[in-house]
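Below, chain A is the first sequence line, B the second, and so on; all start at residue 1.
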Amino acid sequence: MTIGCSMSEIRVRFAPSPTGYLHVGGARTALFNYLFAKKNGGKFLLRIEDTDRTRYHEGALDEIFTSLRWMGLDWDEGPEVGGDCGPYFQSERLELYKKYADELVEKGLAYHCFCSSERLEQLRATQESSENPQATGYDRHCRGLSADEVKAKLAAGEPSVIRLKIPDSQTITFDDVIRGKISFESDTLDDFVLLKTDGFPTYHLANVIDDHFMRVSHVLRGDEWITSAPKHVLLYRAFGWETPIWAHLPVILSETGGKLSKRKGAASVMDYYREGVLPHALFNFLALLGWSPGDDKEIMTLEEMIELFTLDRIGAKPSVFDSKKLEWMNGHYITEASAETLLPEVKPALVELCYINADYDDSKLIPVIEMMKGRSKKVTEIAGTLNYFFVKPSEFDEGSMKKLAKQDNLVEVLTDIANGIESLTDFSAESVDALFHSYMETKGLGFGKVGMPIRVAITGVGGGPSMHDVIAFIGKEESVARLRAFIEMK
RNA sequence: GCUCCGUUCGUCUAUCGGUUAGGACUCAGGAUUUUCAUUCCUGCAAGAGGGGUUCAACUCCCCUACGGAGUACCA
């Protein structure tokens, strides 16, 4: 019985504009929308706001789609998946915007403006620089044009925009789920543009029309939109449409203060991917920026977050992006992840570093990742630190070498162990471990005097998984060879 | 300049008038790991300031200060 979208459904949208990469602020907005939709059995739509042809960036769309999908923020309706309320690119809905802009003109609620951009610039300059600076804004120059004048100019082909007539002396009040009632005086608003000279709509017009026809029930967007909200209220009134429920999300600030931006560290979602951050770690971390489940719970599965998510638990204050905490959380999820899920990220990096060939046996790689994942904060770190499993160390940790220099029986210990390993008939992690223990006992030496030199000689570093496991993986011959080479070097 | 929003440990936050203001990250110390990391324990650390309302205010109201956003034919 219903064609298109049903009325009562919870429907939210994420509406990025294809001007560049998806940054974490946008990702957080998308994430809150996603969580809200899933929690309420609603729909999460993706709409592309490509109404500014001058800022369009080739490749931005792909980056946005990839980023969202990488984080698991799959949309129910939108580009590439379709839906009943399309098209989901605003550039493909131009006729709709024009139709409704014209309608407002006919109703006398909007008007054509023929002012040149030069005049507008000059106007703003005088408003800003005069002795007593006043609020800036359009001076309604063309609002008083008669119907005949407008007709003549239009017929003459003069370029024009359509502006909304802002009513005088009205208090515009709307509800924000997060902040409560917010009011603006209409006199502080100017007659803003609805339709540009090139026939494209401005954000204000397009977003109101689309949210209406896409039956968006809740608008969860960044709080930089608060000051535009009264304009949208006026538009909904002009059209006679019901407004959606608004929730303006607090911004994310950088650690150095100010809005998070590209200049202040890696702000794009894909940068975090490249750095070795797990998608769920970013997801979980971002969810906690501005929202809290209400108790002390921080590490959550997607299902838990969906279950616990409610709008009234979103705070109003801007939060600072704490990369240390993200790192901690990422480390937590890496430790928890299975070696199998980490493999696709780690293996290509190892090939890239020339430690292994692309056809290297995965089943041999799994145990190595297993040994290393617990001590890595980033996925990329795993590949970077397990070089010694595959290649002879080319350099030795300075601090560890200094300690070894103080040990006078160093060569003796290493020689004994090399000989010991070589003579093992049942070479395995267990037998190597047993060898270490019996050697320490007979010589009356602690692990620091035995294990440490071996570790440095074989791996080049002062820390890592149990040495007997490392040696078992590397193999008898290679281990002995590395020990002997190290002795030679001394 | 004007408009709007915000303000609990350094950071993310809990508290919806009555608490020794709790947790997490960071940092410091300790235990475990005969290494490192992990893990565990302990510690450091907060209601911007000033007025009200109330028996009682971090919590409600006002002012100030500070921070942020907007002020485009950008979103």
By nearest atom, which of the nucleotides B:rA14, B:rG6, B:rC12 is closest to the A:Ala316 side chain? B:rG6

Does OP1 or OP2 of B:rU15 have a side-chain N or O of A:Ser292 closer than 4.0 Å? no

Starting at the 5' end of RNA chain B, which residue's closest nucleotide do you reach first, A:His437 or A:Arg55? A:His437

For a quick test of reading the model: is some side-chain N or O of A:Ser466 closer than 4.0 Å to OP1 or OP2 of B:rU35? no

Taking 4.0 angstrom as the limit, do A:Glu298 and A:Lys325 come out as a salt bridge? yes

What I want to find out is whether A:Glu275 reaches A:Lys378 closely enough, with some N-O distance under 4.0 Å, to be called a salt bridge. yes

Do A:Arg375 side-chain and B:rU38 base share a donor-acceptor contact under 3.5 Å? no

Which part of the nucleic acid, if any, lies within contact of A:Met467, taking any heavy atom under 4.0 Å across all strands shown: a base, the sugar-phosphate backbone alone, or nothing? nothing

With rounding to whole Å, what would you report as the distance between B:rU38 and B:rC25 at their P atoms? 11 Å

Any A:Arg163 side-chain N or O less than 4.0 Å from OP1/OP2 of B:rC73: yes

Within 45° cone of A:Tyr111 ring axis and under 6.0 Å: A:Arg163 NZ or CZ: no

Please report the distance, rounded to the nearest Å, between CG in A:Asp433 and P in B:rU35. 13 Å

Name the nucleic acid region contacted by A:Phe184, choosing base, sugar-phosphate or nothing; use a 4.0 angstrom heavy-atom cut-off, strictly under. sugar-phosphate

Distance, rounded to the nearest Å, where A:Leu120 contributes CG and B:rA72 contributes C1': 9 Å

Does a nitrogen or oxygen in the side chain of A:Arg53 sit under 4.0 Å from OP1 or OP2 of B:rA75? no

Gap between atoms CG and P, on A:Asn284 and B:rU13 respectively (whole Å): 14 Å

A:Asp198 vs A:Asp223, nearer the 5' end of RNA chain B by closest nucleotide: A:Asp223

Distance below 4.0 Å between A:Lys373 side-chain N/O and B:rA37 OP1 or OP2: no

Between A:Asp210 and A:Arg93, is there a salt bridge with N-O shorter than 4.0 Å? yes

I want to check one thing: is the phosphate of B:rA75, taken as OP1 and OP2, less than 4.0 Å away from some side-chain N or O of A:Lys196? yes

Using a distance-only test with no angle check, is there a side-chain donor-acceptor pair under 3.5 angstrom linking A:Asp223 and A:His248? no

For A:Tyr97 and B:rA75, what is the distance between atoms OH and C1' respectively, to the nearest whole Å? 13 Å

In whole Å, I'd like the distance from the CD1 atom of A:Ile166 to the C1' atom of B:rU3. 14 Å

Please work out if A:Gly446 contacts a base, only the sugar-phosphate, or nothing of the nucleic acid, heavy-atom cut-off 4.0 Å. nothing

Salt-bridged, A:Glu49 to A:Arg47, with N to O below 4.0 Å? yes

Say we look at B:rA37 and B:rC74: how far apart would their C1' atoms be, to the nearest angstrom? 48 Å

Indicate for each nucleotide in nucleotides 22-31 of chain B, in 5' to 3' sequence, whether protein heavy atoms under 4.0 Å reach the base (B), only the sugar-phosphate (S), or nothing (-). BBBBS-----

Look at the side chain of A:Ile226 and decide which nucleotide, out of B:rC5, B:rU3, B:rC74, has an atom nearest to it. B:rC5

Presence of salt bridge, A:Arg221 and A:Asp211, under 4.0 angstrom: no

Are A:Lys324 and A:Glu255 within salt-bridge range, i.e. N to O under 4.0 Å? no

So does A:Lys317 get a side-chain nitrogen or oxygen closer than 4.0 Å to the phosphate oxygens (OP1/OP2) of B:rU8? yes

Distance between P atoms of B:rC36 and B:rG29 (Å, rounded): 14 Å

A:Trp225 CH2 to B:rA69 P, straight-line distance once rounded to whole Å: 14 Å

Whole-Å C1' distance, B:rU11 and B:rC16: 24 Å

Please classify the nucleic acid contact of A:Arg221 as base, sugar-phosphate, or nothing, using heavy-atom distances under 4.0 Å. nothing

Between B:rC4 atom C1' and A:Phe174 atom CZ, what is the distance in whole Å? 9 Å

Any base atoms under 4.0 Å from A:Pro18, or only sugar-phosphate, or nothing? Heavy atoms, all strands. nothing

Base B:rC5 paired with A:Arg179 side chain (donor-acceptor, <3.5 Å): no

Same-atom distance (P) from B:rU8 to B:rA46, integer angstrom: 14 Å

B:rC4 base / A:Thr227 side chain donor-acceptor hit below 3.5 Å: no

Quick one: label A:Val161 by what it contacts on the DNA or RNA (base, sugar-phosphate, nothing), any heavy atom closer than 4.0 Å. base

Taking atom types as they are modelled, is there a donor-acceptor pair under 3.5 Å from the base of B:rU39 to the side chain of A:His332? no

Have a look at A:Pro465 and say if it touches a base, only the backbone sugar-phosphate, or nothing, with a 4.0 Å heavy-atom cut-off. base

Select base, sugar-phosphate, or nothing to describe what A:Gly290 touches, counting heavy atoms under 4.0 Å on all strands. sugar-phosphate

Using a cut-off of 4.0 Å on non-hydrogen atoms, how would the nucleic acid contact of A:Gly315 be classed: base, sugar-phosphate, or nothing? nothing

Roughly, in whole Å, what's the span from CZ in A:Phe14 to P in B:rA75? 16 Å

Can a salt bridge be assigned to the pair A:Asp190 and A:Arg143 using a cut-off of 4.0 Å between side-chain N and carboxylate O? no

Just to confirm, is there a sub-4.0 Å distance from OP1 or OP2 of B:rA72 to any side-chain nitrogen or oxygen of A:Arg124? yes

Closer than 4.0 Å, any side-chain N/O of A:Thr51 to the OP1 or OP2 of B:rA75? yes

With heavy-atom distances below 4.5 Å as the criterion, would you say the side chains of A:Val461 and A:Val456 are in contact? no

Roughly how many Å apart are B:rA48 and B:rG43, using the C1' atom of each and rounding to a whole number? 27 Å

Of the nucleotides B:rC4, B:rG6, B:rC12, which has the atom closest to the A:Leu289 side chain? B:rC12

Taking all non-hydrogen atoms of both residues, which atom of A:Met300 and which atom of A:His280 are closest, and how far apart? O-NE2, 2.8 Å

Expressed as a whole number of Å, how far does the C1' atom of B:rC66 sit from that of B:rA57? 22 Å

Assess whether a salt bridge exists between A:Lys181 and A:Asp176, defined as any Lys/Arg side-chain N lying under 4.0 Å from an Asp/Glu carboxylate O. no

So what does A:Gly462 touch, heavy atoms closer than 4.0 Å: a base, only the sugar-phosphate, or nothing? base

Testing B:rC12, B:rG70, B:rA14 for proximity to the side chain of A:Arg313, the answer is B:rA14

Measuring from the side chain of A:Glu224 (C-beta onward, heavy atoms only), which nucleotide among B:rG70, B:rU11, B:rC73 has the closest atom? B:rG70

